[in-house]
Amino acid sequence: ELIDQIRSVSQPLANARKEAADVIGTRVNELSESLQQLTGPGATPELALNISGRISELTELIDTTVTVTSQAGVKK
(Lines give C-alpha, C1' and ligand atoms only; values in the text may rest on other atoms or scores of the structure.)
Protein backbone atom coordinates (compact mmCIF):
# COMPACT_ATOMS: atom_id res chain seq x y z
CA GLU A 1 0.00 0.00 0.00
CA LEU A 2 2.84 2.40 0.80
CA ILE A 3 4.42 1.69 -2.59
CA ASP A 4 1.13 2.54 -4.31
CA GLN A 5 0.89 5.80 -2.37
CA ILE A 6 4.45 6.73 -3.30
CA ARG A 7 3.75 5.96 -6.96
CA SER A 8 0.53 7.97 -6.93
CA VAL A 9 2.47 11.02 -5.70
CA SER A 10 5.71 10.61 -7.63
CA GLN A 11 4.30 9.87 -11.09
CA PRO A 12 2.30 13.12 -11.43
CA LEU A 13 5.33 15.05 -10.17
CA ALA A 14 7.59 13.37 -12.72
CA ASN A 15 5.09 14.17 -15.48
CA ALA A 16 4.70 17.78 -14.33
CA ARG A 17 8.45 18.31 -14.33
CA LYS A 18 8.83 16.90 -17.85
CA GLU A 19 5.91 18.96 -19.14
CA ALA A 20 7.32 22.09 -17.49
CA ALA A 21 10.76 21.41 -18.95
CA ASP A 22 9.26 20.99 -22.42
CA VAL A 23 7.26 24.21 -22.18
CA ILE A 24 10.22 26.12 -20.73
CA GLY A 25 12.47 24.86 -23.54
CA THR A 26 9.98 25.99 -26.18
CA ARG A 27 9.54 29.40 -24.58
CA VAL A 28 13.29 29.92 -24.25
CA ASN A 29 13.71 29.15 -27.96
CA GLU A 30 10.95 31.64 -28.79
CA LEU A 31 12.62 34.24 -26.61
CA SER A 32 15.95 33.64 -28.28
CA GLU A 33 14.41 34.24 -31.69
CA SER A 34 12.62 37.35 -30.44
CA LEU A 35 15.80 38.73 -28.90
CA GLN A 36 17.59 38.30 -32.22
CA GLN A 37 14.82 40.33 -33.86
CA LEU A 38 14.94 42.93 -31.10
CA THR A 39 18.62 43.59 -31.75
CA GLY A 40 18.05 43.77 -35.51
CA PRO A 41 16.86 46.60 -37.75
CA GLY A 42 13.14 45.79 -37.28
CA ALA A 43 13.11 46.30 -33.50
CA THR A 44 9.89 47.79 -32.10
CA PRO A 45 8.53 48.63 -28.66
CA GLU A 46 5.81 46.01 -29.23
CA LEU A 47 8.44 43.32 -29.67
CA ALA A 48 10.10 44.37 -26.42
CA LEU A 49 6.72 44.11 -24.63
CA ASN A 50 6.17 40.68 -26.17
CA ILE A 51 9.53 39.49 -24.86
CA SER A 52 8.77 40.89 -21.42
CA GLY A 53 5.43 39.04 -21.39
CA ARG A 54 7.09 35.77 -22.33
CA ILE A 55 9.64 36.18 -19.56
CA SER A 56 6.78 36.75 -17.10
CA GLU A 57 5.05 33.56 -18.35
CA LEU A 58 8.24 31.58 -17.80
CA THR A 59 8.68 33.01 -14.32
CA GLU A 60 5.10 32.06 -13.39
CA LEU A 61 5.52 28.56 -14.82
CA ILE A 62 8.73 28.01 -12.87
CA ASP A 63 7.15 29.38 -9.67
CA THR A 64 4.11 27.12 -10.10
CA THR A 65 6.28 24.07 -10.71
CA VAL A 66 8.41 24.78 -7.66
CA THR A 67 5.31 25.36 -5.51
CA VAL A 68 3.65 22.10 -6.64
CA THR A 69 6.86 20.16 -6.07
CA SER A 70 7.33 21.71 -2.63
CA GLN A 71 3.74 21.01 -1.59
CA ALA A 72 4.00 17.39 -2.72
CA GLY A 73 7.18 17.01 -0.69
CA VAL A 74 5.34 18.21 2.42
CA LYS A 75 2.51 15.70 1.86
CA LYS A 76 4.93 12.76 1.80
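These numbers come from a predicted model, not from an experiment.
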Exercise. Distance from Ile55 atom CD1 to Leu31 atom CG, nearest 0.5 Å?
Worked result: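 With rounding to 0.5 Å, CD1 (Ile55) is 5.5 Å from CG (Leu31).
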Problem set entry | Between CD on residue Glu46 and CD1 on residue Ile51, distance to nearest 0.5 Å |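 Reported to 0.5 Å precision, the distance equals 12.0 Å.
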Problem set entry | By salt bridge (Lys or Arg N to Asp or Glu O under 4.0 Å) - contacts of Glu19 (at least two apart) |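 Per chain and number, Glu19 pairs via salt bridge (Lys or Arg N to Asp or Glu O under 4.0 Å) with no residue.
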For this session: Could you please spell out the steps behind the side chain to side chain contact (heavy atoms under 4.5 Å, CB included) verdict for Thr26 and Asp22?
Result: CA-CA 6 Å; Thr26 300; Asp22 291 344; 5.5 Å; no
Exercise. Salt-bridged, Glu30 to Arg27, with N to O below 4.0 Å?
Worked result: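 Answer for the salt bridge query: yes.
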Exercise. Given Leu49 and Thr44, is the side chain to side chain contact (heavy atoms under 4.5 Å, CB included) satisfied, shown in steps?
Worked result: CA-CA 9 Å; Leu49 286 173; Thr44 64; over 6 Å; no
